[in-house]
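What follows is one structure encoded as structure tokens, with my remarks underneath.
Both counts, for ligands and for their atoms, begin at 1 and track the order of listing.
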Amino acid sequence: MKTHELFIDGAYAPAASGKTFAKISPVDGRQISVVHEALAEDVDRAVRAARAALEGPWGRMPLRQRTNLLLDLARAIERRAPEFVEAEIQDTGHTRHFSETIEIPRGAANFEIFANLLKNLGGEFFSMDTPDGKGAVNMELHRPKGVIAVISPWNAPFLLMTWKVGPALACGNAVIVKPSEESPATAALLGEVMNEVGIPKGVYNVIHGFGPGSAGELLTQHPGVDGITFTGETRTGEAIMKQAAVGLRDVSFELGGKNPGLIFADCDMDKAIEVTMRSAFANCGQVCLGTERLYVERPIFAEFVARLKAGAEALKPGGPDDPGTTLGPLISAEHRRKVLSYYDKARELGAQVVTGGGVPHFGDSRDQGFFIQPTIWTGLEEDSAVIREEIFGPCCHIRPFDTEEEAIRLANDTRYGLAATVLTENLSRAHRVGRRLEAGLIWVNSWFLRDLRTSFGGSKSSGIGREGGAHSLEFYTERSNLCVKL
Ligand code: NAD
Ligand code: 6OD
């Protein structure tokens, strides 16, 4: 059975804690690996290694050499993509297609785009007048922030982890990654590739473990950490913010969502169904940007519901190696219990279950996995928990609306503000509605489409700060103004 040790100071090493935990396959409930759990001594060692890297060759490395190493890293990930895909799908049960076409290539791209960005980075420059007439010049300097703690989730492990490690390293920081306890494999494998391309030791460290009372909490409380970038649940973000308060460490948070989709009667129906099938069911609904609340203009409500139902029922649940699989499992037994509790709640609240609402049966080992039926409801009140809380499963509620104003009000009536989609062929409506939606990412006639140079993040309870392109410099660098009197 595979064992994932920690990766500290350029080498794999057992946890000093002597503790390990089991990683369970979401496809059939079998244990697939043993994972070492980092506790205080291990976290301390990782922080010391990262600090030493900043004071050593990494900290002194010219920008061109540093960014070239990251470009080499991107190529090496591409070369070893089949290994990354295998590691990711074993841990998560994701469809092979999703891992091969999105997760792993995006991981490589995350190093490439930030390396290129830093290579070509300019900065503010102001020439100013002074009373003696000689003047002064002001210029903006960027310095690495220092040791960055990267706390990442399990729903797109490699993509979301590298989305943070890429800019952190391009800006010259050293990182300590704490991947989710549910998805340790790709973060572990990346250590090997870091060594292969010659990234100096201590620049990239991985500690495994849980959140509270374990590696996550210990890392975010460590005084040697200068900044914490976190992707995960809003409630976890609140806990980490308290932990980060000691020493006033900076945070960057990408949190939960309860994203609306607005489908207007003037949409292209085929496009609306294609977009919604992805936004509601891709990755078995385990996407922070996914759509769990749909509002459909009344004249096309019945047709939309019927066509989405047909689409959901055509999805083929199965493991990554089952031919034709289009819907993988949920990540864990615990997560499935949570999603099923909303399925029960919806029924208790009198929802009409258009399709799904339970667990599929295979008659083989997959019955020990964590599969669940894609589910669509109608008829719930907007103040019900099913509509207000993030479920993070393959499910959505659909409600009719009558006016554009009503659709906007319903969409914005949430504590979250991560993403929204609008389906319309009316260009004026697209702009008019789009600019009134309270979300960090707004799509018209598409979903998940994004130039990586744009900002990414959520408002309200969906996050703090923005990452992506030059926006990442806000968090991953410290800025100074150098004012030179002439
Ligand atoms: P989670 O919050 O349970 O865990 C995320 C990470 O935080 C894990 O590594 C976990 O071990 C760690 N952690 C938990 N408690 C901690 C603590 N007290 N201190 C330090 N670390 C701690 O999230 P999850 O279940 O892994 O992921 C699903 C959630 O992530 C969903 O809410 C989803 O919306 C959100 N998410 C958001 C985005 C985004 O970009 N906004 C992207 C992906 C996922
Ligand atoms: O594409 C990205 O960079 C990104 N952060 C996607 C988030 C997906 C959430 O599940």
| Taking the minimum heavy-atom distance to atom 32 (O) of ligand 1, which of E390, K338, E254 ranks first? | E390
| said: Is there a polar contact between ligand 1 and T234, counting only N or O atoms under 3.5 Å apart? | reply: no
| field | Qualifying residues under side-chain hydrogen bond (donor to acceptor under 3.5 Å, both in side chains), relative to S279, sequence neighbours excluded | value | T291
| Under the salt bridge (Lys or Arg N to Asp or Glu O under 4.0 Å) test, residues paired with E181 that sit two or more places apart | K178
| Do the charged groups of K258 and E390 touch, with an N to O distance under 4.0 Å? | no
| message | Are F114 and W163 an aromatic pair, judged by ring center distance below 6.0 Å? | response | yes
| request: Within a distance under 4.0 Å of any heavy atom of E217, pick out the atoms of ligand 1 and give their elements. | output: 19 (N), 20 (C)
| Is there a heavy atom of S152 sitting under 4.0 angstrom from any atom of ligand 1? | yes
| note | Going by the 4.0 angstrom heavy-atom rule, the piece of L160 near ligand 2 is side chain
| N155: numbered ligand 2 atoms lying under 4.0 Å from its heavy atoms | 9 (C), 10 (O)
| request: Under 4.0 Å from a heavy atom of F230: give me the atoms of ligand 1 that qualify, with their elements. | output: 2 (O), 5 (C), 6 (C), 7 (O)
| request: Identify, by atom number and element, the atoms of ligand 1 in contact range of F456, meaning under 4.0 Å from any of its heavy atoms. | output: 40 (O)
| message | Pairing donors with acceptors under 3.5 angstrom, does anything connect the side chains of E37 and S214? | response | yes
| Sub-4.0 Å atoms of ligand 1 with respect to non-hydrogen atoms of N155 | 43 (C), 44 (C)
| query | Where's the contact between T231 and ligand 2, heavy-atom distance under 4.0 Å: side chain, backbone, both or neither? | reply | neither
| task | Determine whether the side chains of T92 and E88 contain a donor N or O and an acceptor N or O closer than 3.5 Å. | result | no
| task | Taking atom types as modelled, find out whether Y343 and Q373 have a side-chain donor-acceptor pair closer than 3.5 angstrom. | result | no
| With atoms numbered from 1 as shown, which atoms in ligand 2 lie under 4.0 angstrom from a non-hydrogen atom of R450? | 1 (O), 2 (C), 3 (O)
